[in-house]
Amino acid sequence: MYRTHTCGELRIEDSGNEVTLSGWVQRIRDLGAMTFIDLRDRYGITQLVVDENTDKQVAEKLKELGREYVIQATGTVRERSSKNKNMPTGEIEIALKGLSVLSPSVVPPFTIQDDTDGGDDLRMKYRYLDLRRNMVRKNLELRAKMAHAVRTYLNTKDFIETETPVLIKSTPEGARDFVVPSRMNPGEFYALPQSPQIFKQLLMVAGFDRYYQIVKCFRDEDLRADRQPEFTQIDCEMSFVEQKDVLEMFEGLTRHMFKEVLNIEVDEFPWMPWSEAMEKYGSDKPDTRFDMKLNDLSELVKGKGFSVFDSAEYIGAICAKGCSEYSRKQIDELTNWVKRPQIGAKGLVYVKYNSDGSFKSSVDKFYSPEDLKQWAEAVDAVPGDLILVMSGDKNHMLDALGELRLEMGNQLGLRDKKVFKPLWVVDFPLLEWDEESKRFFAMHHPFTAPKPEDIPLLDTDPGKVRANAYDLVINGVEIGGGSVRIFNSELQSKMFDILGFTKEQAEAQFGFLMNAFRFGAPPHAGIAFGFDRLVSLFAGLGSIRDVIAFPKNNAGRDVMNDAPAPISEEQLEELNLILNVKEK
RNA sequence: GGUGGCGUAGUUCAGUUGGUUAGAAUAUCGGCCUGUCACGCCGAGGGUCGCGAGUUCGAGUCUCGUCGUCACCGCCA
């Protein structure tokens, strides 16, 4: 028996008991004739004490100990003569009678403690040591708790958890696929799923009615703090439902998780049309923790002789509450910020609505105080506020103002991590025009159903067609998305047609799905949540890396085991592969 | 594919207009210490300043390239 208790559970009531603990040496405090050892495991830290005079044998053993040694310690629980109120086990200690080293440790490259001295690179390289730290382990415990809450909720709602294949067929739409060569089928490849999309729809055809899966998905695209090449989705599909039914079900799931995991009651989720999100927040994933909406000033500001505005397609503004005292330097910094290539604005016009009711702007030459008063009314500004205006190409400016809005939200401390504001963004466009290839792409995916009232537009103005597609957005993070699916093979054929597939291509790529639909497909709809993002949101973190046990770096590498890596000539031969790596 | 930040002791960092032998903290090792809990005190070892080239009498410092890493844009739902 290695232990009778964990390092986190002994209390003053256990005094006098003989116990055995196993764990890692956190720290040794050698006071000379008396030595204290902090013994750590997942559950906590317990202090061991050795008196040189009374425990000579054990004291001798202490000499070989070092940080992160795994030891087994036996002794008697006793009340401390000087207690530590800061730790749960702080009232007791173990007077050692026996001590054995189960496994020694070399000196670790960084210290295993909450405020570690290790940088990110090093912690990733020794991730198994990083995972010993409370902060990191807590994130993964949270993740496990959340996965449990998902299963509890969906199981009570009669969802069937079903696994779908990981080796599937590559499809042309969407993200780049990871591919896997097939040894048994020379020259042919599997793909790893970007999502189990087609399989879950086939499960609906199969009559499963309600399906879910917490499942790994793979996309071979460039990475970000919130994007990993392999990530986890809560993937779901339901039959005989409309959009409203799906949103209600998964609002229920989300609220259940907030309640179970964080003990937070969130407000009902508002529904916001995609067009409103774009116009008012400059984003399809608005952060509604704060207001500061975008305002279209185009009509108001034109025709006053300011050629920059007169020639612009769109002039928009946001109102930063209480910022009229911003200094020249602060305004300049904001101007430079929006001029960065990532934002790409030409400049920034400001109007200070001073506390005394007067105006000071960078365009005083062209606009009278009366004009500026009108602007202020249009953006709901009151004395003490700062109005920030940008002009240019409409879509670009909505985007830029949206970014500026978030930046001001950050500067003004309006994006509190402890506050959660979920909403549904609905009525996405069905199709997106691509200038390069001169064709439409499905904004969500090719199986998304158009809104019934917009179906006539498919023939006349496909770009205007809205989809029965929806995203769950929380605090400016896209947590999940889904759609009502097309379940009629004629409409599906039409979609493939609009997307530029020939009949043969559609048949080759999705024939089996179209074929399945000929055998009685129920109306169905589904959704998938980005589980990693949801966990990092709950944890109040910016990066999903911190909620994944073994994540990959920016370049998709696992710096711990150095994957990806070349394979042997024999392996290549067996897979019928010849490499043709281009020199840079 | 592109833009930017960072790279100095095991680790986290400092290092002035380019100027003598590159510092601090922490970790490690040794010594002292009976109530510590970030123990304390004394001492020691520890450096390819990421790598390569260039400018210069002289480069940790300036320039170019390269590698690594992070963030963002493109990409991705």
Open item on the list: Exactly one of I28(A), L31(A), L48(A) should register a side-chain contact (heavy atoms from CB on, under 4.5 Å) with F36(A). Which one does?
Closed with: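 Testing each of I28(A), L31(A), L48(A) against F36(A), the sole residue satisfying side-chain contact (heavy atoms from CB on, under 4.5 Å) is L31(A).
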Name the pairing partner of [N], where a pair is Watson-Crick or G-U wobble with both distances under 3.5 Å, or state none.
N	answer
rC62(B)	rG54(B)
rC39(B)	none
rU17(B)	none
rU69(B)	rG5(B)
rG74(B)	none
rG45(B)	none
rU26(B)	rG10(B)

For [X], answer base if it contacts any base atom (sugar-phosphate contacts may also be present), sugar-phosphate if it contacts only those atoms, and nothing otherwise; contact means non-hydrogen atoms under 4.0 Å.
X	answer
R219(A)	sugar-phosphate
G480(A)	nothing
M443(A)	base
G90(A)	nothing
L223(A)	nothing
V559(A)	sugar-phosphate
F110(A)	nothing
A225(A)	sugar-phosphate
N84(A)	base
K83(A)	base
G118(A)	sugar-phosphate
R224(A)	base

I'd like the [atom1] distance from [M] over to [N], given in whole Å.
N	M	atom1	answer
rU63(B)	rU11(B)	C1'	31 Å
rC41(B)	rU8(B)	P	29 Å
rU12(B)	rU28(B)	P	16 Å
rA38(B)	rU26(B)	C1'	10 Å
rU55(B)	rC64(B)	P	15 Å
rC72(B)	rA25(B)	C1'	33 Å
rA14(B)	rU61(B)	C1'	13 Å
rU17(B)	rC62(B)	P	10 Å

- [ ] Flag the pair R219(A) and E230(A) as a salt bridge only when some basic side-chain nitrogen lies within less than 4.0 angstrom of an acidic carboxylate oxygen.
- [x]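 Salt bridge between R219(A) and E230(A), a charged N being under 4.0 Å from a carboxylate O: no.
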- [ ] Ignoring backbone atoms, test whether R80(A) places a side-chain nitrogen or oxygen under 4.0 Å from the OP1 or OP2 oxygen of rG35(B).
- [x]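 Answer no for this pair, as no side-chain N or O of R80(A) is under 4.0 Å from OP1 or OP2.
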Task: Presence of R27(A) side-chain N/O under 4.0 Å of rU36(B) phosphate oxygens OP1/OP2 - done: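 Answer is no, no contact under 4.0 Å.
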- [ ] For D471(A) and for Q47(A), locate the closest nucleotide of RNA chain B by heavy-atom distance; then report the residue assigned to the nucleotide nearer the 5' terminus.
- [x]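 Whichever sits nearer the 5' end wins; that is Q47(A).
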- [ ] Using heavy atoms to find the nearest nucleotide of RNA chain B for G174(A) and D121(A) separately, return the residue whose nucleotide is more 5′.
- [x]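 This one resolves to D121(A).
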Rounding to an integer number of Å, can you tell me how far [X] [atom1] sits from [N] [atom2]?
X	N	atom1	atom2	answer
I94(A)	rU36(B)	CD1	P	19 Å
Q113(A)	rU12(B)	CD	C1'	12 Å
N53(A)	rU34(B)	CG	P	9 Å
I544(A)	rC76(B)	CD1	C1'	12 Å
Q194(A)	rC76(B)	CD	C1'	9 Å
R67(A)	rC37(B)	CZ	P	15 Å
K339(A)	rG4(B)	NZ	P	17 Å
N554(A)	rG1(B)	CG	P	14 Å

Answer yes or no: side-chain N or O of [X] and base N or O of [N] forming a donor-acceptor pair under 3.5 Å.
X	N	result
R545(A)	rC70(B)	no
E52(A)	rU34(B)	no
Q342(A)	rG4(B)	no
D222(A)	rG74(B)	yes
R29(A)	rC33(B)	no

Open item on the list: Between T6(A) and D41(A), is there a side-chain donor-acceptor contact under 3.5 Å, judged purely by atom types and distance?
Closed with: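 No, no side-chain donor-acceptor pair sits under 3.5 Å.
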TODO: Compute whether any side-chain donor of one residue and acceptor of the other, for T164(A) and Q213(A), lie under 3.5 angstrom apart.
DONE: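 Note: T164(A) and Q213(A) side chains meet the donor-acceptor criterion.
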Would you mind telling me which of [options] lies closest to the side-chain atoms of [X]?
X	options	answer
L122(A)	rC76(B), rU11(B), rA38(B)	rU11(B)
D284(A)	rC39(B), rA77(B), rG35(B)	rA77(B)
R557(A)	rA77(B), rU69(B), rC37(B)	rU69(B)
N553(A)	rU34(B), rU28(B), rC70(B)	rC70(B)
R78(A)	rG35(B), rU69(B), rC75(B)	rG35(B)
D30(A)	rU3(B), rC75(B), rC33(B)	rC33(B)

Open item on the list: Angle between ring planes, Y126(A) versus Y128(A), binned at 30° and 60°: parallel, tilted or perpendicular?
Closed with: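 Ring orientation of Y126(A) relative to Y128(A): perpendicular.
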TODO: Mind telling me whether F178(A) and F218(A) have parallel, tilted or perpendicular rings, with 30° and 60° as the class edges?
DONE: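 The rings of F218(A) and F178(A) stand perpendicular, inter-plane angle above 60°.
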Open item on the list: Donor-acceptor pair, distance only, cut-off 3.5 Å: does the side chain of N468(A) make one with the backbone of K451(A)?
Closed with: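 Not a single qualifying donor-acceptor pair exists.
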Open item on the list: Tell me if the centroids of the rings in F231(A) and F531(A) come within less than 6.0 Å of each other.
Closed with: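 Centroid separation for F231(A) and F531(A): 6.0 Å or greater.
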- [ ] Answer with yes or no after comparing the ring centroid distance for Y470(A) and F428(A) against a 6.0 Å cut-off, counting only values under it.
- [x]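 No.
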Open item on the list: Return the CG to CG distance between L423(A) and D287(A), rounded to the nearest 0.5 Å.
Closed with: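 Atom-to-atom, L423(A):CG and D287(A):CG are 9.5 Å apart.
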